[in-house]
Every structure is written in C-alpha cells, then in structure tokens.
Amino acid sequence: MTLLDLSARDREGKAATAVRPVWDSEPLRYLDEHGAPVEGGIRPTPALLDPGALLRGYRALRFARAFDTEATNLVMQGRLAVYPSCRGQEACEVAAVHALEEQDWLLPTYRDSAALVLRGIPAVDALTLLRGTWHCGYDPKQWRTMPQCTPLATQGPHAVGLGLAAKLAGDPAVALCFFGDGATSEGDFHEAANSAAVYQAPVVFLVQNNQYAISVPLHKQTHAISLADKASGYGMPGIRVDGNDLIAMNAVLAEAVQRARTGGGPTLIEAVTYRVQAHTNADDAARYRQSAEVEYWRRRDPIDRLGRYLTARGALDAAVEAEIDEECERYCEQMRAQFAEEPSYDADEMFEHVYDEMTPQLKAQREMLRAEEAAK
Amino acid sequence: MTLLDLSARDREGKAATAVRPVWDSEPLRYLDEHGAPVEGGIRPTPALLDPGALLRGYRALRFARAFDTEATNLVMQGRLAVYPSCRGQEACEVAAVHALEEQDWLLPTYRDSAALVLRGIPAVDALTLLRGTWHCGYDPKQWRTMPQCTPLATQGPHAVGLGLAAKLAGDPAVALCFFGDGATSEGDFHEAANSAAVYQAPVVFLVQNNQYAISVPLHKQTHAISLADKASGYGMPGIRVDGNDLIAMNAVLAEAVQRARTGGGPTLIEAVTYRVQAHTNADDAARYRQSAEVEYWRRRDPIDRLGRYLTARGALDAAVEAEIDEECERYCEQMRAQFAEEPSYDADEMFEHVYDEMTPQLKAQREMLRAEEAAK
Amino acid sequence: MSQGTEQISAPAAPLTMAKAINAALSDAMAEDDKVVVFGEDVGALGGVFRVTDGLAAKFGDERCFDTPLAEASIMGTAIGMAVYGFKPVVEMQFDAFAYPAFEQVFSHLAKMRNRTRGAVPVPVVVRIPYGGGIGGVEHHSDSSESYFAHTPGLHVVTPATVEDSYSLLREAIDSPDPVIFFEPKRLYWSKANVALPARTGRIGTAAVRRQGTHATLVCYGQTVPVCMAAAEQAAKEGIELEVLDLRSLVPLDDEAIESSVGRTGRAIVVHESVGFGGFGAEVAARIAERCFYRLEAPVTRVAGLDIPFPPPKYEHWYLPDADRVLDAVDRAMAAG
Amino acid sequence: MSQGTEQISAPAAPLTMAKAINAALSDAMAEDDKVVVFGEDVGALGGVFRVTDGLAAKFGDERCFDTPLAEASIMGTAIGMAVYGFKPVVEMQFDAFAYPAFEQVFSHLAKMRNRTRGAVPVPVVVRIPYGGGIGGVEHHSDSSESYFAHTPGLHVVTPATVEDSYSLLREAIDSPDPVIFFEPKRLYWSKANVALPARTGRIGTAAVRRQGTHATLVCYGQTVPVCMAAAEQAAKEGIELEVLDLRSLVPLDDEAIESSVGRTGRAIVVHESVGFGGFGAEVAARIAERCFYRLEAPVTRVAGLDIPFPPPKYEHWYLPDADRVLDAVDRAMAAG
Ligand SMILES: Cc1ncc(C[n+]2csc(CCOP(=O)(O)OP(=O)(O)O)c2C)c(N)n1
Ligand SMILES: Cc1ncc(C[n+]2csc(CCOP(=O)(O)OP(=O)(O)O)c2C)c(N)n1
Ligand SMILES: [Mg+2]
Ligand SMILES: [Mg+2]
C-alpha cells in the first residue's frame with residue numbers, strides 16, 4: 001500500500017514509523033464536499049473504490065443514521081435514559097467496523113452505539129447501557145467489543161492490553177480504540193499511546209474530532225492545529241483524515257489496521273468530523289455554538305457525499321435508495337417494538353456478578369432485599 | 001534572539017509556535033566533547049559567551065559537583081536517609097537556576113537538590129527531605145521553589161497553575177519545571193504540557209533525559225527518537241539540547257524563559273544528559289548497565305568540557321581552579337559540620353500542620369502521644 | 001450553630017440548591033477577586049448542572065473558565081494557583097470523574113501544608129456533584145466521600161439543605177485549608193425560602209434537623225431528607241427520632257453525635273455510599289466506643305449496598321429509603 | 001484453614017518473605033504460561049525490592065517485562081490482557097504510586113465483571129508494597145488498603161507470615177477476580193522455615209496466630225508481629241491475648257472475628273493506616289454491632305495517626321507498637 005507518503009527512516013535501530021508533520025496539511029480526503037474526487041487527494045487502491053464495496057458502505061451509513069435517529073426518538077419517548085448521538089459521524093463508525101475482522105477488538109465510547117449495531121450486536125443489547133437496564137448488554141468476548149467506555153480515555157490502556165496480549169499470543173488480532181477529541185487531553189490517552197508505541201502493540205487509535213467536548217471547542221482542548229501531531233511524540237504515524245469521507249476513512253484505516261496486524265505497531269488517526277446534535281439529549285448546544293456552524297457541517301454530511309459520488313457513477317439510484325429506506329424502516333420498527341416492552345428486573349442480579357463467588361456479606365444483603373420486597 | 005530556527009506560522013488564529021520536528025536532528029550544542037566550539041552548532045549571543053558569565057557558570061558547576069559529592073558522602077555515613085545524585089547533570093541544574101529571576105518559580109524533583117542550593121537555599125534545609133527530618137525544609141514561598149516532588153510528573157500541573165496565576169495576575173513571572181525522561185510517560189506530564197499550551201501559560205518544561213528511569217532505559221520509555229518531539233503535539237516549541245553543554249543549555253533556556261515571560265507561552269526542552277551514579281545510593285546499577293556506557297558519558301562531562309573551553313580562552317587557570325577548590329571545600333566542611341549534629345524532633349509538630357486549626361481529633365491524638373512519651 | 005429544624009423543601013420555595021450554590025460562588029467572586037472558578041464546561045455552558053451559570057458572563061473568562069479535559073491537571077493547576085495566592089474553586093463534573101485527580105489530591109492537595117511546615121497552605125475548594133437517584137448511567141452516581149475522609153489534610157463537607165449549600169460553600173471558600181465539597185446532586189432541584197447571604201455555622205459543626213428522644217439518625221447529604229421522611233413516619237407511630245445532619249465529615253462533630261446518642265441511646269447511621277469500609281463505619285465505630293455505656297441497642301448502619309452502583313432501573317433497590325431506615329429503627333427499638 | 005500459632009520469625013530461617021513471594025510468582029509462571037509479570041523495574045533489576053528477581057531471566061522478557069513509567073497504563077494494560085485471557089500480575093512500585101492508577105482500578109478493574117453480567121472477569125493481581133517502618137521518605141510509606149477495601153469488586157489481601165505470602169499470592173493468582181495484594185514491606189526481610197509450595201487456606205479466611213481468652217487483637221499485615229509481641233508481653237502479666245490475623249480484608253472473615261470476640265468479650269483492632277475512616281472502623285463497627293451483647297468493653301482501635309505519614313525520623317511515633325497496643329488492652333481490661 002502506498003496510500004500515504006510515509007517517509008521511512010531508521011536510526012539507532014528504531015522501527016521506521018514517524019511521518020511528515022501533519023499539522024500544516026489539510027486532512028486527507030478523496031471526496032470533496034459535493035461528492036466529487038478532490039484534486040490532489042489520496043489515491044486509494046482499486047479495491048477501495050469497488051462500487052459493490054462502496055455501496056455496502058453507503059448502506060451501512062444509511063443504516064447507522066437510521067439507528068441513530070431511532071435511538072434519538074426512543075430517548076425522547078423516555079425509552080432510553082440518555083442518548084449521545086453520532087449523527088454526522090457515521091463515516092467514522094462505519095469505516096472503523098468495516099476495517100476490522102472478526103478476531104479484532106473494538107473499543108467503543110458512549111457515542112459509538114452505531115458501531116455496536118454495525119458490528120452485529122442486537123440493538124436492545126447495544127442500547128442496554130443507555131436504556132439503563134444494565135451497564136453492558138452484550139457479551140464483549142462474543143463480539144470482540146469492549147463495553148462502551150464512559151470515563152474518558154480509560155479504554156486506551158485496555159486497547160494496549162488487548163493488542164499486547166494478541167501480540168504475545170501470536171494472534172493476528174488488532175485492537176481499534178475510539179476516542180473523542182476532548183479525551184486526547186486526558187493522561188490515559190497519552191499513557192496508552194506511548195505504551196502502545198513502546199510495545200509496538202497492534203493498536204489503532206481513532207480520534208473522532210467532532211470539534212466539541214460537550215460545550216468545549218477544540219481550541220480550548222489543544223493549542224496544536226491537529227490532534228494527529230501528537231503521534232510524532234510517540235514515534236508512531238499520525239494521520240489527519242476527513243472523517244466525513246468514507247472512502248478516505250476506509251483507506252486510512254485499512255492501512256493502519258494492516259500495519260498493526262503485520263507487526264508495524266500502532267497508528268494515531270484523527271478523523272475530522274462534527275457532532276451535529278447536542279452532546280446528548282440532555283444538553284443545550286445553543287448555549288455554546290451558532291447554528292450557522294452546524295449548517296456549515298450539515299453541508300459536509302458523510303452520507304450525502306458518498307451518495308452523490310455513487311449516484312454519479314451509476315451505482316446508486318432511486319430504486320436502491322428505496323430498498324435501503326425500507327430495510328432501515330424495518331429495522332427501526334423492530335427496535336420500536338423491542339423497546340416498547342419494559343423488561344423485568346431481578347434485584348438478585350445486582351449481587352451476582354460482583355465476584356465469581358458471592359461473599360457472605362453480599363448474600364446477607366441479598367436476603368435483606370428479598371425480605372424487603374416480600375414485605376411490600 | 002534568533003538562536004533557533006523557529007518557523008513562525010499563523011493559521012486559524014493560532015499563535016505561531018510549532019517548529020520543525022527535532023527527532024531527526026542532533027541535540028543543539030555549542031561545545032563538542034573536547035570543549036571546542038562545534039561546527040554548525042548554535043550561535044549564542046555575545047552576552048551568553050561573556051567570559052565572566054561563563055566563569056560564574058563554571059564555578060556553579062564545580063559547586064554543584066562538590067555539593068553532590070558531599071551529599072553522597074553523607075548518605076554513606078548514614079547522615080541522609082537516601083540520596084539521588086545529579087552527578088553528570090550539573091549543567092542542567094546550573095542553567096535552570098541561572099535562567100531564572102527572583103520572582104520566577106522553580107519546580108524541582110528529588111534529583112535536583114543541587115538546584116536548590118544553587119538557588120540559595122541552605123544545604124541543611126535543602127536536604128531536609130533526604131535527611132528524613134521533615135518533608136520539605138525550606139519555605140517554598142520565600143525561595144519561589146516548590147518542595148522537591150517525588151510522585152513523578154505531578155509537579156507539572158503545579159507549574160501550570162503557578163504560570164497561569166502569574167499570567168492572570170499580570171506578573172512577569174515564569175515557572176520552570178524539571179522532569180526526568182521516565183516521567184514523560186506519565187499522564188500528568190501530558191496533561192500539564194497540553195494545558196500549559198492551551199492557557200499559553202509562562203512555563204518551561206525542562207526534561208533531563210539522563211537515559212534511565214531507575215533501571216529502565218529510554219528506549220523502553222518512548223518509541224520516538226526524541227522526547228522533544230512531544231512538543232509539536234501540544235503546539236509548542238520543542239528543543240533537544242545537549243544537557244552537558246552549559247553554553248547551549250544557557251542559550252536554550254534563556255530563549256524559552258524569555259518567550260514565556262513575554263507572553264509566548266510554554267516550551268518543552270529535552271536536555272540530553274546522563275545519570276552517572278546509580279539511581280540512588282540504594283540502587284545497584286551494575287544489574288542493568290555496562291560500565292563502558294558510563295565511561296562513554298564520563299568523557300562528556302559537563303564540567304571538564306566547559307573547563308577546557310575556558311582554559312583555552314585564558315579565562316580559567318590553575319589559580320582560579322585552586323580558589324574554586326577552596327571555596328567548595330569550605331562549603332563542604334560546613335555541610336559536614338551541620339550534618340554531624342542530629343537535630344531534636346518534636347512529636348507535637350506532626351499534628352501542627354495538618355490543618356490551619358488543629359481538629360479536636362488531632363488534639364486528642366497529640367495528648368495520647370504526650371502521655372506515652374511521659375510514661376517512658 | 002444549629003439550624004434547628006428548618007424544612008428541607010419548603011412548599012413555595014423560590015431558591016433551588018443549584019441556584020444557592022451559584023449564588024455562593026457569585027458572591028464569593030464579587031467579594032474577593034482571587035476567587036476563580038474552573039473546570040470542564042463551567043464557562044459558556046454554565047456546567048452540566050448549570051451551577052456555574054452566568055459566572056463567566058459576569059466575571060469574565062479569566063475568573064471562570066473551561067479547562068482541557070484533564071482532571072489531574074485541573075487539580076494540579078488549582079494547587080499551583082493556590083500556592084501563588086489565588087483561591088481556586090474547581091468542579092469535577094461527576095463523582096467518578098474525580099478519580100483521575102486522586103493522586104493530586106492524596107499526594108499534594110492534602111499534604112502540601114504539612115509537607116511545608118505550614119508555609120504553603122492550599123485553599124482549594126473541590127466541588128463534586130455526587131450520589132445517585134437521578135437515573136444516571138454507570139460512573140454518574142458514585143459516592144466517593146469515604147476515600148477523601150480517610151485522607152488527612154482535607155476537609156470534607158456536604159450540605160443537605162439549600163441554606164447550608166450556600167453557607168458551607170462560602171465557609172469552604174473562606175477556609176485556609178483544602179475542602180472537598182460534595183454536592184448532593186439529587187437535591188440540586190430541592191427548594192427552600194432562604195434569605196441570602198446565609199451563614200449557618202462553621203465547618204466542623206453538625207446540625208440537629210429534628211429533635212427526638214428514642215433514637216438518633218446520623219446522616220448527611222442525600223440521606224438527610226430520607227431520614228426526615230423516616231422520622232415523620234415514625235412519629236406517626238409514636239417513635240420520636242432525632243435527625244442529626246453531620247454537614248461536615250472532616251472535621252467530625254463528635255460532640256454533637258455524642259450528645260445526641262448519649263440522650264437517645266440508639267443510633268442508626270445512614271449514608272448512600274457503599275457501606276463496607278464506608279464513612280458510616282467510622283461514625284458507627286466512634287459511637288460504639290464513646291457511648292458504649294449509654295447504648296441500648298447496637299449501632300446499625302443503613303448504607304448503599306456493597307456493589308458497584310447499579311444501573312438506573314435498579315437504583316431504587318440500592319438507595320437507602322425511609323422504609324429501610326425504619327426497619328433499622330425497628331430493630332434498634334426491639335433491642336435492649 | 002488456620003495456621004495455628006506458627007512463629008512469625010523463626011530463628012534459623014532460610015526464607016525471607018521477599019523470596020517466598022518471588023517463589024510464588026515463579027511457581028505460578030511455571031505452571032501457567034498465561035501468568036505474566038510486569039511493572040516498573042521488574043525486569044533486569046528484579047524490582048526495587050528484588051521481589052521479581054530472576055523472573056525475566058528464567059521466563060523471558062515476554063513473561064516478565066518493564067513498562068513505561070505510567071501506572072494508569074500499567075493497570076489498564078493488565079485489564080486488557082486479562083480480558084484477552086492472560087493472568088497479569090502487576091507491581092505498583094510503592095503504595096503512593098498506585099494512586100495514579102485509581103481510576104482504572106475503581107472504574108474498570110473492580111467493575112468489569114459486574115458491568116458485563118459476569119461475561120468478562122478480570123483476574124488481575126496488583127502487588128503493592130505498603131506501609132512504613134523502613135525509613136522511607138514521603139510517599140513511600142502509605143497504607144492505602146482502606147481505599148480498595150471500600151471498592152466492591154476487589155479482593156484485598158495481605159499476608160503477615162512468610163508462608164502466607166507464598167500461599168495467598170498463589171491463591172490470588174488462581175482467583176478469577178481481581179486481587180489487590182498488599183505486601184507489608186517492613187516484613188520483606190522477615191524469615192521463616194517454610195516448605196514450599198505451601199497452601200494455608202483460601203482468600204477470605206482469617207487465622208488465629210495465638211490463642212487467648214482475655215481479649216482479641218484483630219490485625220493484618222505489618223501489625224501482626226506487633227500484636228504477637230504485645231501478646232507475649234501481656235502473657236507475662238497473666239493476660240492471654242488472642243491474635244487474629246485477618247489475611248483477607250475483602251472478603252472479611254466475619255465468622256472468625258465473631259467467634260473469637262464472642263469468646264473473649266474484648267476487641268482491639270490494630271492497623272497501621274490512618275485510623276480515621278480506615279479499615280479498622282469497619283472491623284470495629286461490625287464487632288460492636290454483631291457482638292453487642294457479648295462485649296465487656298468498648299471495641300477500641302489502635303491505628304496510624306490521622307496525619308500524613310511522617311518523615312523517617314518521626315515514624316516511630318506514628319507506627320502502632322506493642323506498647324500502644326498494650327495501653328489499649330489495659331483500657332479494655334479495666335472496663336466492664
Ligand atoms: C474522566 C472523565 N471526565 C469527565 C467526563 C464527563 N464527560 C462525558 S463526555 C465529555 C466530553 C467528551 O468529549 P470528547 O472526548 O470530544 O467526546 P465526544 O463526546 O465529543 O464524542 C465529558 C467531559 C467523563 N465521562 N470522564
Ligand atoms: C508516580 C510514581 N511512580 C513511581 C515512582 C518511583 N520512582 C521514583 S524515581 C523513578 C524513576 C524516575 O525516572 P526519571 O523520570 O527518568 O527521573 P530520574 O530519576 O532519572 O531523574 C521511579 C520509577 C514515583 N516516584 N512516582
Ligand atoms: Mg468531541
Ligand atoms: Mg531519568
């Protein structure tokens with residue numbers, strides 16, 4: 001793969017990884033905001049431009065949007081406790097999931113519910129955390145997907161551990177870890193990135209720079225122009241890519257995953273995107289940003305962009321769109337139905353998973369609670 | 001000052017700070033290992049080459065070495081609980097202290113006792129921590145010098161706070177913060193550097209890369225070639241300098257302090273040096289490094305190097321050396337005398353500084369202890 | 001010192017606890033320009049609970065500002081600023097998000113005065129919204145006061161009433177020592193008719209919220225209204241419970257506790273954080289030791305369960321409520 | 001389960017606690033190649049206390065390796081590796097240097113099994129050398145067990161004898177749950193004649209180190225030899241003290257405590273960490289509640305002072321010693 005201009009160097013026995021500084025460059029992209037290939041953009045391999053593959057990507061984007069929209073409806077109907085929307089960031093979600101194979105690990109944040117369903121996790125299980133019915137509703141080992149992480153950047157070291165474990169076990173598995181832009185300010189981000197590079201662990205750090213950490217804009221989060229600039233300090237490649245351009249995202253991620261899988265160590269990717277919705281349904285974005293800004297980014301919508309590209313190439317038409325519409329609607333209907341019923345809760349379960357074997361103290365507390373319930 | 005090739009840029013309203021990547025460059029230096037100006041080295045201003053100033057620097061180096069040697073003797077005689085030597089790193093200690101004015105703050109680690117005495121703190125007070133007679137033996141506000149910090153990198157955020165406070169107060173004070181190479185792996189280092197850059201706080205981050213964190217060599221601490229590479233990720237200048245070259249150290253620090261003082265924000269400096277002694281007297285360096293390596297670095301001794309330069313220029317001769325010898329010997333004699341006496345300890349003091357006002361619970365505990373002592 | 005038996009939520013109340021805390025910050029900032037407020041989202045947004053609403057607009061963004069997302073750095077920056085002469089009031093957005101700042105708190109904030117023989121006090125106030133009952137997902141409902149209370153050098157304070165929330169915060173800002181100020185987030189929207197500026201007594205003093213003779217309910221923060229409700233119910237059955245609101249965990253008002261339990265002879269310690277090794281253990285152990293000869297029943301604790309805080313749908317089982325308190329009261333009354 | 005009254009330092013002792021722990025690591029690594037050891041300086045150096053001496057040489061640097069200096073990352077890496085199927089045993093170099101890893105411990109290590117309904121256990125062992133008495137400068141003598149014991153999801157264990165140090169570490173490594181393994185650093189060089197591999201009983205069981213009838217000294221880790229010395233002295237005056245070594249703080253062996261104190265009627269809880277809000281409060285509160293009718297004297301605590309751990313020259317005043325324990329015994333004997 002010669003997608004990126006990685007200037008190989010080897011000095012003092014170090015693996016050749018560092019790349020040209022990215023802070024003075026536009027993010028890498030293939031498509032311009034109107035869905036046309038941009039001049040001087042990246043040159044993906046033919047496989048990455050295969051219309052069938054891209055249509056699959058487009059479907060996934062549409063599906064992610066539909067899921068996100070339905071989840072947003074569900075929270076408004078009180079079916080979810082809270083929902084952090086990924087609207088506008090679907091290309092990151094889709095590219096990340098599509099870049100991985102089954103044996104690879106995904107480390108999502110609270111904002112990456114769409115990635116969970118794209119990975120195949122049933123919506124009820126994926127939304128368990130946000131529904132408030134348990135902390136994590138799927139089996140992370142079955143899906144090679146860690147629980148969604150809320151304490152910011154703390155999933156970074158877990159990705160290092162998973163990657164290092166795979167490396168030590170001799171497995172060709174990769175760990176792909178999501179972060180927000182704000183999370184890059186946390187110590188855990190740094191410790192994880194630095195350790196991953198030292199261990200040359202197969203990890204991809206994917207920062208969705210959606211310009212905000214709740215209300216705090218990027219320029220209060222970093223004084224650098226790009227978050228990918230941090231990579232050189234870790235001695236790893238740092239890539240700044242248009243996070244609303246699925247083709248570019250696919251290309252960049254394919255390369256990073258491949259490098260990780262073949263012993264080339266970690267990569268830091270900054271995907272430049274935008275959080276179109278408020279932080280969560282509980283947030284009031286009008287307090288800290290202008291609607292004109294949101295409009296600017298809506299015009300750079302990842303779905304429209306790829307849709308226009310595919311339409312121009314004859315790979316997408318009204319019939320296919322209708323088909324996708326229907327698929328999405330079916331899925332959402334199913335979601336609505338599933339969330340219409342309240343599951344039953346068993347108070348006993350609170351005590352069952354604290355330890356492998358329940359302690360005598362927990363048994364006593366379970367009895368207390370049972371007695372209380374019986375007395376009601 | 002045009003000492004360094006800072007390529008100014010201003011994009012998207014950001015202050016112009018980022019510089020060319022340093023990982024592919026030799027550390028900046030003025031003197032080669034034999035004390036001769038190196039070809040293609042930095043070009044310090046005349047003031048920085050003033051023989052009087054340099055002789056003052058040489059004296060300070062000699063003094064630092066004498067102090068460090070005496071402290072090493074004291075620990076062997078059981079007068080100190082532990083001593084982490086800065087032998088070989090004296091140019092960093094001296095340059096840091098000389099770069100500061102009275103109103104500036106210094107943030108030392110456990111290894112920077114020499115910097116404390118260079119700043120004027122009496123040896124008994126400076127060594128209180130390592131003697132075990134109290135945690136910090138000097139008044140940090142009087143000396144504008146924080147207590148020596150042991151939890152690695154945790155002093156970084158304090159430097160940000162001091163710098164930010166000075167900035168908000170409109171004072172032209174700067175905070176200079178020492179770190180070891182190992183400490184750069186800690187989350188607190190990252191959070192401090194990033195925050196300082198965002199606040200454009202007047203802070204100088206001075207990393208003494210002495211190649212080891214106890215037994216762990218640099219290549220297990222970072223996969224980058226230079227620790228200064230981290231700077232670009234923070235959007236601040238990063239400088240890699242020969243930490244055993246006092247002239248280069250002075251030049252680099254003068255510029256960084258000046259930049260901070262005049263609103264130009266923080267700088268990250270990596271001073272490449274070497275820990276000639278074991279981590280502390282309690283450590284056994286033979287377990288993890290070869291003596292040939294130590295020899296290599298002994299030939300790059302910061303004192304010899306400057307000494308030869310000054311001798312060649314006629315600024316230093318045997319008479320001056322003898323004078324310095326005598327000064328140092330007098331100081332060390334005084335130290336020996338001061339440490340020969342055990343001070344008396346007052347158990348009450350343990351309770352006096354926990355809070356401004358002693359809590360009833362602490363008063364009761366003080367009484368208990370008094371009663372115990374009385375019963376003895 | 002005591003506030004007597006003020007109603008916790010007065011019916012026609014104009015002031016919420018969130019607003020009272022906001023007023024305390026605003027008044028302190030107006031009085032002393034060394035008081036600065038910073039943290040995540042405290043500026044334009046006014047904090048996720050709107051507690052810092054309007055402060056940036058009123059005092060400018062040098063007095064109230066957003067930080068990068070880095071709690072250790074927020075805490076350490078506050079320490080540095082306090083050393084320089086400022087009085088930082090920092091916000092940790094939620095209880096569990098103060099954990100990354102623990103090293104700064106334990107190794108520096110709590111110890112700086114002592115390390116320097118009193119030369120360097122660090123008057124930092126750390127505001128931490130804490131506790132459950134708001135349907136928060138994991139990491140948003142922890143009660144971490146026990147960690148801090150076990151760490152010498154810190155004051156640990158938590159209001160339960162609107163008036164106290166104002167007053168204790170002002171006291172905290174006035175204090176020359178670091179104060180961990182726990183804000184019971186479930187009570188942010190509780191209301192009371194309060195005339196500001198109110199001062200309800202120094203840090204270190206407890207308040208009897210309701211007088212009683214049969215048993216003492218020792219509580220703080222979120223469990224104070226729970227105990228008040230329990231006491232009201234018990235009163236209907238002729239049991240008069242005294243409700244003692246600690247207000248301050250460190251320093252602890254041993255005298256108030258001893259005087260109350262000495263009279264009633266029975267004590268139930270009620271808090272929301274995990275019971276095992278929790279702050280209630282300290283209170284219970286002290287009572288059991290100091291009131292040994294006056295106790296007519298074992299001191300019992302009603303606390304959070306010894307489990308990670310459960311998901312929203314389960315939290316009603318976790319949270320100590322009036323019924324659970326009354327069960328403990330029944331056991332205490334049956335004894336001795 | 002109990003180890004009876006084994007001598008804590010046998011006179012002609014060939015094995016130190018440090019060596020026994022080393023042997024436990026080595027044996028566990030030999031038996032199960034999923035066991036990996038990592039941390040700061042644990043490789044070539046063998047750890048600052050030489051506890052991991054020789055492991056890298058014996059098992060290679062994929063099984064025992066130095067990490068970058070980053071405790072949160074060490075902890076988080078261990079979690080990730082455990083999820084993948086390894087059994088990481090990590091070292092925090094000193095007690096206070098575990099603080100930066102607290103968020104990883106509290107928010108993930110302790111909760112992962114529960115968050116995932118049991119699907120993802122994280123069998124990580126965290127070794128923490130703790131406590132004072134070795135003349136360490138600040139931050140090198142903390143006792144942080146109370147923070148961990150208050151955090152559901154963790155087992156908290158600390159050996160006091162050479163045999164237990166081997167056995168409990170093997171149990172910890174075998175455990176499917178995360179175990180915080182506190183190593184009493186002052187006892188690293190204590191010696192005993194021990195035949196390895198020794199197994200002294202499951203995590204969660206206490207051991208009577210000395211039988212007695214007049215009062216029970218409840219202790220763990222570094223205070224066990226202190227209590228043994230106190231008991232020996234008391235015996236000379238005809239007072240027979242029972243010494244109960246908890247071995248495991250979580251789970252706590254309530255039965256053993258109750259059975260002993262139920263018999264003796266008097267309890268003194270002895271530990272080195274700060275007393276206020278410390279683990280001893282939990283033990284004392286439980287005893288006072290559960291043995292209420294059998295107690296002849298108030299349960300007292302002998303613990304570290306409520307101050308930051310003092311400088312080396314002062315630590316003898318801080319550390320609970322046999323005299324301080326005996327003072328408490330005297331008070332207990334005088335009562336009731
Ligand atoms: C350690 C920690 N501190 C604070 C928070 C509260 N918090 C939740 S989301 C958020 C903003 C995160 O911003 P970013 O990393 O950019 O991710 P985004 O929400 O934009 O996807 C904050 C401050 C948290 N979850 N964890
Ligand atoms: C948070 C923390 N972790 C671990 C330690 C133990 N420790 C003390 S010094 C040291 C090595 C530090 O290396 P470096 O930062 O390079 O500084 P140097 O000692 O070489 O000056 C370690 C691991 C500590 N003091 N603080
Ligand atoms: Mg964001
Ligand atoms: Mg070093």
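We use all heavy atoms of the structure for the numbers below, so side chains are in, but hydrogens, waters and symmetry mates are not. As the structure is a computational prediction, the values presented were derived from the model and not from experiment.
D:A72 touches chain A through backbone and side chain together, each having a heavy atom under 4.5 Å away. For a residue to count as touching a neighbouring chain, one of its non-hydrogen atoms must lie under 4.5 Å from one of that chain's; by this rule A:A166 touches chain D with backbone and side chain alike. Contact of A:E186 with chain D is not made at all, since no heavy-atom distance falls under 4.5 Å. With a 4.5 Å cut-off on non-hydrogen atoms, A:D188 touches chain D through its side chain but not through its backbone. Heavy-atom distances place no part of D:L69 under 4.5 Å from chain A, backbone and side chain included. The part of D:E71 that comes within reach of chain A is its backbone (N, CA, C, O), which places non-hydrogen atoms under 4.5 angstrom from that chain. With a 4.5 Å cut-off on non-hydrogen atoms, D:T67 touches chain A through its backbone and its side chain both. Contacts between A:A169 and chain D at a heavy-atom distance below 4.5 Å involve backbone atoms as well as side-chain atoms. If you measure heavy-atom distances from D:P152 to chain A, the contacts under 4.5 Å come from both the backbone and the side chain. Using a 4.5 Å cut-off between heavy atoms, A:Y199 contacts chain D through its side chain alone, with no backbone atom that close.
At a threshold of 4.0 Å, the pair D:E62-A:K167 does not count as salt-bridged, since none of the basic side-chain nitrogens sits closer than that to a carboxylate oxygen.
Contact check for A:V354 versus D:R113: no side-chain heavy atoms found under the 4.5 Å cut-off.
With chain D as the partner, the residue from A:S195, A:A175, A:A201 showing the most heavy-atom pairs under 4.5 Å is A:S195.
Minimum heavy-atom separation, A:P140 to D:T116: CG-CG2, 3.7 Å. Taking all atoms of both residues into account, the shortest heavy-atom contact from A:Q361 to D:P251 is OE1-CB, 4.4 Å. Residues A:P147 and D:R115 share a closest heavy-atom pair of CB-NH2, 3.7 Å. Across D:N114 and A:W134, no two heavy atoms sit closer than the pair O-NE1, 2.8 Å. Counting all heavy atoms, side chain and backbone alike, D:A119 lies closest to A:K141 at O-CD, 4.0 Å. Between D:F65 and A:L164 the shortest heavy-atom distance is CZ-CD2, 3.8 Å.
In this structure, A:W105 and D:Y84 have tilted ring planes: the angle between them lies in the 30° to 60° band.
We find the NE2-CE distance between A:H353 and D:M112 to be 15.0 Å, quoted to the nearest 0.5 Å. Expressed to the nearest 0.5 Å, how far OG1 of A:T359 lies from CD1 of D:I203 amounts to 13.0 Å.
Against chain A, the residues from residues 95-111 of chain D that qualify, each with a non-hydrogen atom under 4.5 angstrom away, are D:E103, D:Q104, D:S107, D:H108 in number order. Taking 4.5 Å as the heavy-atom cut-off, none of the residues of residues 365-373 of chain A approach chain D.
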*Check against salt bridge (charged side-chain N to carboxylate O under 4.0 Å, His left out), D:R117 and A:E352*: CA-CA 8 Å; D:R117 286 197 152 110; A:E352 280 161 15; over 6 Å; no
